Amino acid sequence: MFLLVDCNNFFASCERVFNPALQNKPIVVLSNNDGCVIARSNEAKKIVKMGDPYFKIKDILQENEVIIFSSNYSLYGDMSRRVMLTLATFVKDLEVYSIDEAFLDLEGFDKHYDLTDYARKIIRITTKNTGIPVSGGIAATKTLAKVANKYAKRYKGYKGICLLDTDTKIQKALKLFEIGDVWGIGYKYDKKLQRYGIKTAWDFINKPESWIRTQMGVVGVRTWKELQGIRCFNLELPHSKKSICTSRSFPIEITDFEILYEAIANFAASCGRKLREQKTCAGTVTVFIHSNFFRDDLSPFYQTRSLQLPVASNASSELIIAAKTILKGIYQKGYAFKKAGVIVSELIKEDEVQGNLFYRIDREREQRLYKVLDMLNRKIAPDALKLAVQGNGKKWALSRKYLSRRYTTSWDDLIEIK
DNA sequence: TCTGGGGTCCTAGGACCC
DNA sequence: TCTGGGGTCCTAGGACCC
């Protein structure tokens, strides 16, 4: 059996841990640039929708005295790490599936424990250790564990844990489960299935496999099987990423090449840092820039281009040079850019990089340099030490008006007790 | 008039997840 | 005025090989 543990309203809960006055109050967390709603406390769920643009719902938030936060990923990332560390003490194998979710392998546990009791113990101790409320779903497949988890959250009676272990229970659960809420069924397939009269997960599994295959390909068939208890997804072990992206929307529209370049240089440097963190090098650098797609007075403008590096690299300086070459090729005067990003791909392990007879660079020296740079930035502050081309970021800085403190990762932000 | 059969690799786009 | 960011996998079609 799998146990899926999911943090309740994760970002909102993180904000509450260090500010208990927020208990039982409606909270929303906004995306970068304070753009739109990306997390809500239960109280706020009744008031605004996920993804609502902030500027459109400002008044509603105010009327309802909703407390607003800009996203604080230093805090959420660290709280996530704490949750995962606690969960890891209970099982041999777990897969950290996202910032707020993990699949735990309960194989064999049923011989010694009552699964529901054991899972309740897990979530009780996790909440005690971290301050984050969590809930869990247990079932034979990941997709069913996801279903179970939704029930655990939906009904208080489950006391945080829902177990789907018998055909009767599963059938009952699927009959009441909307098809669009199934893991693997997104917006498009939801609409499509609804058109064919498929409203619940139960309707879905009663379609023939061939029909699912034609309409939704092998991906759909996997979901169809998983809902019937046939395992298609196993616990995945940690692996390094296959591509890494750093991108931002700008609070203003940028027309100037130099400002855009400064932003791109920072994105490339950030990709470099992430590459070094997972000990990989990138073979290809891609840059994209685009206009404000929300403006209907202008036709959308989008440019992207890739460049193969002569030797795969994770040195920020080399990535920046490549990114600048690309940017020069795709930048066009007279256009206003609202969003840009750098993607690095064709990632290979740091120590398996293929050399190049015609392009020599002192890799050892470079590696020592970035080792020091990363170490200092970890110790002092992100980007305490950076390349001069990265500038000061003032011209394109994100707006984060409602940022809380980095309670757990910055000495300056520690709570003082009076 | 009629035009084989079997394969690989790459890319763009589309679907999904959080 | 103001609309997030970061990923994965699959598929179809085109180009190529013999």
Side-chain angles (χ1 to χ4, degrees), chain A residues 4-7 9-11 28-39 48-59 61 68-73 76-77 80 95-103 142-143 146 149 179-193 212-223 226 232-233 236 239-253 267 270-271 274-275 277-278 284 286 288 290-297 300 302 304-306 308 336 338-347 398-402:
Chain A
L4 170 70
V5 177
D6 188 313
C7 301
N9 319 317
F10 183 54
F11 295 171
V28 296
V29 179
L30 303 176
S31 64
N32 272 340
N33 270 325
D34 297 337
C36 53
V37 174
I38 55 166
V48 290
K49 287 207 298 288
M50 199 72 166
D52 277 346
Y54 173 53
F55 73 94
K56 282 190 183 169
I57 55 163
K58 232 174 190 167
D59 295 342
L61 294 177
I68 301 160
F69 287 98
S70 303
S71 31
N72 182 347
Y73 290 104
Y76 311 151
S80 167
E95 173 191 341
V96 177
Y97 175 67
S98 74
I99 196 163
D100 73 332
E101 279 171 80
F103 288 102
K142 284 181 165 181
T143 310
K146 281 280 213 177
N149 185 255
I179 186 63
D181 288 338
V182 172
W183 190 47
I185 307 294
Y187 180 81
K188 294 269 175 150
Y189 283 140
D190 182 23
K191 292 284 161 291
K192 180 172 182 162
L193 293 169
I212 304 286
R213 171 73 231 226
T214 329
Q215 299 297 324
M216 304 171 69
V218 297
V219 183
V221 173
R222 278 182 207 143
T223 300
E226 281 250 319
C232 298
F233 305 118
E236 278 181 40
H239 55 266
S240 53
K241 283 173 189 137
K242 296 173 178 170
S243 72
I244 290 173
C245 170
T246 302
S247 72
R248 292 289 178 275
S249 296
F250 306 121
I252 49 156
E253 295 181 357
F267 302 158
S270 152
C271 287
K274 294 176 191 171
L275 283 168
E277 250 165 45
Q278 61 164 30
T284 299
T286 305
F288 68 85
H290 69 71
S291 62
N292 187 351
F293 289 164
F294 289 101
R295 274 179 68 165
D296 35 23
D297 57 330
Y302 181 85
T304 178
R305 196 174 290 175
S306 303
Q308 196 89 27
K338 179 66 177 167
K339 182 170 178 173
V342 173
I343 303 165
V344 288
S345 49
E346 285 176 32
L347 309 190
L398 303 179
S399 65
R400 301 156 96 190
K401 263 167 71 183
Y402 311 100

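Residue numbers start from 1 in every chain, and the chains themselves are labelled A, B, ... in the order their sequence lines are given, proteins ahead of strands. What you see is a predicted model, and the numbers here were worked out from it, not measured in a lab.
Between A:Q278 and A:S240, the side chains place no donor N or O within less than 3.5 Å of an acceptor N or O (distance only, hydrogens not considered). A donor-acceptor contact under 3.5 angstrom links the side chains of A:Q215 and A:K192, judged on distance only.
Counting to the nearest Å, the C1' atom of C:dT3 and the CZ atom of A:F294 are 4 Å from each other. Distance, A:D181 CG to B:dC16 C1': 15 Å, rounded to whole Å. Rounded to whole Å, the distance from NZ on A:K241 to P on C:dG5 is 16 Å. Atom CD of A:E101 and atom P of C:dG6 are 19 Å apart (whole Å).
Without hydrogens or angle criteria, A:S31 side chain to A:C36 main chain gives a donor-acceptor distance under 3.5 Å. The closest donor-acceptor contact from the side chain of A:D52 to the backbone of A:V37 lies at 3.5 Å or more, if one exists at all.
Of the candidates B:dC17, C:dG7, C:dG4, C:dG4 carries the atom nearest the A:Y73 side chain, counting heavy atoms from C-beta on. Here the side chain of A:Y189 is nearest to one of C:dG4, B:dA15, C:dG5, namely B:dA15. Across C:dG4, C:dG6, B:dC18, the shortest atom-to-atom separation from the side chain of A:R248 is found for C:dG6. Of all nucleotides listed (C:dG5, B:dA15, B:dC17), B:dC17 comes nearest to the side chain of A:Y97. Nearest nucleotide to the side chain of A:C245, out of C:dT11, C:dT3, C:dG7: C:dG7. The listed nucleotides are C:dG4, B:dA15, C:dT8; the one nearest the side chain of A:K188 is B:dA15. Checking B:dC18, C:dT3, C:dC9 against every side-chain atom of A:K146, the shortest atom distance belongs to B:dC18. When each of B:dC16, C:dT3, B:dC18 is scored by its nearest atom to the side-chain atoms of A:F55, the top-ranked nucleotide is C:dT3.
Salt-bridge annotation for A:R295 and A:E253: present, with a side-chain N of the basic residue lying under 4.0 Å from a carboxylate O of the acidic one.
Not one side-chain nitrogen or oxygen of A:T246 sits closer than 4.0 Å to the OP1 or OP2 atom of C:dG5. A sub-4.0 Å separation between OP1 or OP2 of C:dC10 and a side-chain N or O of A:R222 is present. Taking 4.0 angstrom as the limit, A:K339 places a side-chain polar atom (N or O) nearer than this to OP1 or OP2 of C:dG5. One finds no side-chain N or O of A:R400 lying less than 4.0 angstrom from the OP1 or OP2 phosphate oxygen of C:dG4.
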From CA spacing to verdict: salt bridge (charged side-chain N to carboxylate O under 4.0 Å, His left out), A:K146, A:E101: CA-CA 10 Å; A:K146 281 280 213 177; A:E101 279 171 80; 2.5 Å; yes
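Summary of the strand contacts: A:N292 and A:E236 both lie near DNA chain C, and taking for each the nucleotide with the nearest heavy atom, the more 5' one is attributed to A:N292. Mapping A:R295 and A:S243 onto DNA chain C by nearest heavy atom places A:R295 at the nucleotide closer to the 5' end.
Rounded to the nearest Å, the gap between the P atom of C:dC18 and that of B:dT3 is 24 Å.
In this pair, A:Y402 and A:Y54 present their aromatic rings perpendicular. The plane angle is above 60°, beyond the 30 to 60° band. Below 30°, between 30° and 60°, or above 60°: for A:H290 and A:F288 the angle between ring planes is below 30°, a parallel geometry.
For DNA chain B, runs of at least 3 consecutive pairs of the Watson-Crick or G-U wobble type, with both hydrogen-bonding distances under 3.5 angstrom, map to B:5-18 with C:5-18.
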